[in-house]
Amino acid sequence: MKKVISLLISVIMVFSLVVNALAISYGQEHEGDYGTYGEVYTDVPTSHWAYEETKRCNEKGWFAGYPDGRFKPDASITRAEAIKVIVSFLGRELKDVVYSNYHDVDVTEWYAPYIHAGEDLFPMKWKTNNAFQPNMPMTREDTVYALVTALGYGDDIKFADESILNMFSDHNSISSIMRPYFAVALSMKPTTLVSGYDDGTIRAQDALTRAQFAALLWRASFIGVNTPKDAVLQKVAISPSSKQVLTVGDSLTFAAKAEYSDGSKKEYSGFTLVDSSYGNSVRISGNTITAVKEGVCVVEFDDKYIDRFTTKSVTIEVENPTDAPVLKIYDYEERTTEETMRINGKVTDRTGTEIDLTCNGRDIMVSGESFSYTANLNIGRNEFVFVATNEYGNKTEKAIVIMREEEKPTTVEMINVVGKTEAEAIIEIDALGLLAEIEYVWDDNIEAGIVLAQNIPEGKDAELGKPIYLKISGGKNEWVGWTDSLPSYVSSTEYIIEEKTQYRYKTLEHKDSTSSSLNGWELKNQSESWGSWSSWTRDSIGASSTREVETKSVADPAQYKTQWHYTRYYGWDPNKKANVSWPHQGTYSKTYQESGWLDSPYENRGRADAIDATCYKNSSDNISVWWWNETTRRVELPRTYHTEYRYRDKTITYHYSRWSDWSSWSDNAISGSGEKEVETKTVYRYKFK
């Protein structure tokens, strides 16, 4: 039968904020009042950015400055100075300090009464090892903590939306405990307590100057009641609110959501244990419940601090885990010739219960999570079965097999291989299960490949696993070919070493081309040249950046035409109708005459000999005309001209260069130049001494 345990946990929520009355009165007192200008401190002129703030703080008696009339606006403000100013700002009562709460604050120091009057305004990290560190600089984040607390906004950090801090590029510089205080300071009304810098940073760890501290203090005096505090708490929702089943070792964290009259919602945590009569089924830490052993309990949440809300309860059923222990075995050999072997291992279990561990039925002691077992081994196959069982009966088995082999001989009788060839000696030594390590002896008079000596004589015991040292003739002592470096085993104590310098070179090649790029070549410069002029032609030719054109006007061959000369007579009485003699002889004529040249002949009327010409005329004519073609002449026409063209083309030549491939290495010395690059290296050869 499962035992039912009653657990009472109450949610203590203080949602109303007691606003410091003095802070409210400051805002009312200073509203719209900026006074007259005039220097208060010799080092804070009216043009100083913090002039107004330092002046107002002086008028209120929060800052007094220094006896020499200076304020020292750019000096860091110490913790002792800061707490004196804030305590003066709040108007707290000072008392004589008989016993100091801090080992570094002497009761006789001027700042001792201020520190003890305002010690609640400073974060706990200042109280580490009971040290206040009064002469350390005041940081920006510590100032925010002090002012948020002084203005009565300390409880608001439970509902602070820290995402507002993401606007600053260095928001990670804010200590985790200070982040909700910065979020509250940025959300205050009618003005925020702090703001960032122009570069988007907040600089939480920077030390504040006296001018910056005065500006923050003056701004704090204008901050009144935070608007969300006017909202009335409507209800608190507990989550989870239904039955929960936990396995031993699991944890569950309860949370509460507060809902206000203005529709806003805030997450809240921080349950306080009121009744501890829940037995040992679960363990309570804050608002987290951890299952300890099998059973059932009822968790009750009593909103006794808000009478109109009903009590809520949640049933928690704790079940035993089904997980078996985790068993690991290591540090053993699968084959051995030893009679015993130490086997080490590790066993873990998430239930946290005591583990029963055996091997082949024998109990094994577990120290922490580790164990060690000495196994006795028989010749042949040995099996060991390890079994780990926790208090819930969950079991894990793991078996290992160790083969014990009989010990093999450690020595063998050595044979004689002196006088045999190297190949014969290696085969015979290998057949004995031995290894050979060879040292060559170089001599022009000894045949190569013959064993000259062995370190273990014939008939003596040679230890298995250790090499037999042989001296073998290497034959003629010849030079090893030239090489760029010596092997690591070649030293002057055993070898004759020679060295020499070798040379190689590459030359600068040149090439001209009309192409603006050549693969593998580097363009150095370019040049231009004009070709010969072409023949003159009447065909029109256009100029371009690479073609120059000339023109000339040429006269066409002379042209001629034929003209005819004429004479015309007119003007006699047109009514005469009779045969008449030639006009200049006629009785009735009134003769007029004109003559000239025409480009074409007219009809020849009359007699060419000018004798008795007869003319018949139409009666409708007003005038009768006689034409007389006399002579012709050849007339030259006006000269005509045509345009002729000739051209020449410009050629652009690109000049390239490149380095040739390196030559082969040579022993001959080579000198370098601007057109030839030379490299050298040292090569070596060696032979045995």
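Remember, predicted model here, so these are calculated numbers, not experimental data.
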### Main-chain N/O of V417 paired with Q454 side-chain donor or acceptor, under 3.5 Å
yes

Output for pair (I468 CD1, E437 CD), nearest 0.5 Å, gives 10.5 Å

Parallel under 30°, tilted from 30 to 60°, perpendicular over 60°: which one fits the rings of Y181 and Y145? tilted

Cut-off 3.5 Å, side chains only: do T253 and T288 have a donor facing an acceptor? yes

Flag side-chain contact, heavy atom, 4.5 Å: M414 against L434:
yes

For residues N394 and N320, determine if any side-chain heavy atom of one lies less than 4.5 Å from a side-chain heavy atom of the other.
-> no

I202 backbone acceptor or donor facing R140 side chain under 3.5 Å: yes

Quiz item: Is there side-chain contact between L186 and L165, with at least one heavy-atom pair below 4.5 Å?
Solution: yes

- Would you say the side-chain atoms of N455 pair up with the backbone N or O of Y469, donor to acceptor, closer than 3.5 Å? yes

Smallest heavy-atom separation, S76 atom then P137 atom, equals CB-CB, 4.2 Å

Would V245 and E319 count as a side-chain contact (heavy atoms from CB on, under 4.5 Å) here? Give the steps. CA-CA 7 Å; V245 179; E319 297 179 344; 3.6 Å; yes

Smallest heavy-atom separation, F168 atom then G196 atom, equals CE2-CA, 3.5 Å

Between the NE2 atom in H171 and the CG atom in N166, the distance rounded to the nearest 0.5 Å is 4.5 Å

For the pair D430 (side chain) and I426 (backbone), establish whether a donor and an acceptor sit closer than 3.5 Å, ignoring hydrogens and angles. no

Checklist line | Whether over 12 other heavy atoms sit under 6.0 Å from E405 CD | finding: yes

Does Q133 offer a backbone N or O that forms a donor-acceptor pair with the side chain of D104 under 3.5 Å?
yes

Is there a side-chain contact (heavy atoms from CB on, under 4.5 Å) between F182 and E162 once you walk through the steps? CA-CA 8 Å; F182 269 86; E162 295 181 16; over 6 Å; no

- Query: Heavy-atom distance under 4.5 Å between the side chains of I402 and I343, does that happen here?
  - Reply: yes

Tell me if the CD atom of E406 is crowded by more than 12 foreign heavy atoms within 6.0 Å. no

**Request:** Can you establish whether the number of heavy atoms outside K687 located under 6.0 Å from its atom NZ is more than 12?
**Result:** yes

With side chains defined as the heavy atoms from C-beta onward, is the minimum distance between I83 and F132 less than 4.5 Å?
yes

Is the shortest side-chain heavy-atom distance between K420 and E428 below 4.5 Å? yes

Ring-plane angle category for Y489 and Y686, please: parallel below 30°, perpendicular beyond 60°, tilted otherwise.
perpendicular

In this structure, CD of Q244 is separated from OG of S242 (nearest 0.5 Å) by 5.0 Å

For A291 and V318, the nearest pair of non-hydrogen atoms, with its separation, is CB-CG1, 3.6 Å

Taken to the nearest 0.5 Å, the spacing of I427 CD1 from E422 CD works out to 11.0 Å

Determine whether T315 and E317 make a side-chain contact, defined as any pair of heavy atoms from C-beta on separated by less than 4.5 Å. no

Test D356 against D363 for side-chain contact (heavy atoms from CB on, under 4.5 Å), laying out the working first.
-> CA-CA 8 Å; D356 179 26; D363 291 334; 4.2 Å; yes

Let me see the working for L208 and D142 under side-chain contact (heavy atoms from CB on, under 4.5 Å), right down to the final yes or no. CA-CA 10 Å; L208 283 186; D142 290 333; over 6 Å; no

When rounded to the nearest 0.5 Å, the distance separating CG of L151 from CG of L121 is 10.0 Å

- Do side-chain atoms of N390 reach the backbone of G393 as a donor and acceptor pair under 3.5 angstrom? yes

Scanning both residues in full, the closest heavy-atom pair of A146 with I86 reads CB-CD1, 3.7 Å

side-chain contact (heavy atoms from CB on, under 4.5 Å) with F386: of N360, I400, T396, only one passes, and it is I400

Can you check side-chain hydrogen bond (donor to acceptor under 3.5 Å, both in side chains) on T374 and R342, steps first, answer last?
CA-CA 5 Å; T374 300; R342 177 73 68 177; 2.9 Å; yes

Taking every heavy atom of G200 against every heavy atom of D170, the minimum-distance pair comes out as O-OD1, 4.4 Å

Worksheet entry | Neighbour count above 12 (heavy atom, 6.0 Å) for K681 NZ | yes

dist E424:CD -> I429:CD1 (nearest 0.5 Å) comes out at 12.0 Å

S175 and Q205 have their tightest heavy-atom pair at OG-NE2, 3.5 Å

**Prompt:** Does a side-chain heavy-atom distance below 4.5 Å link T421 with I450?
**Reply:** yes

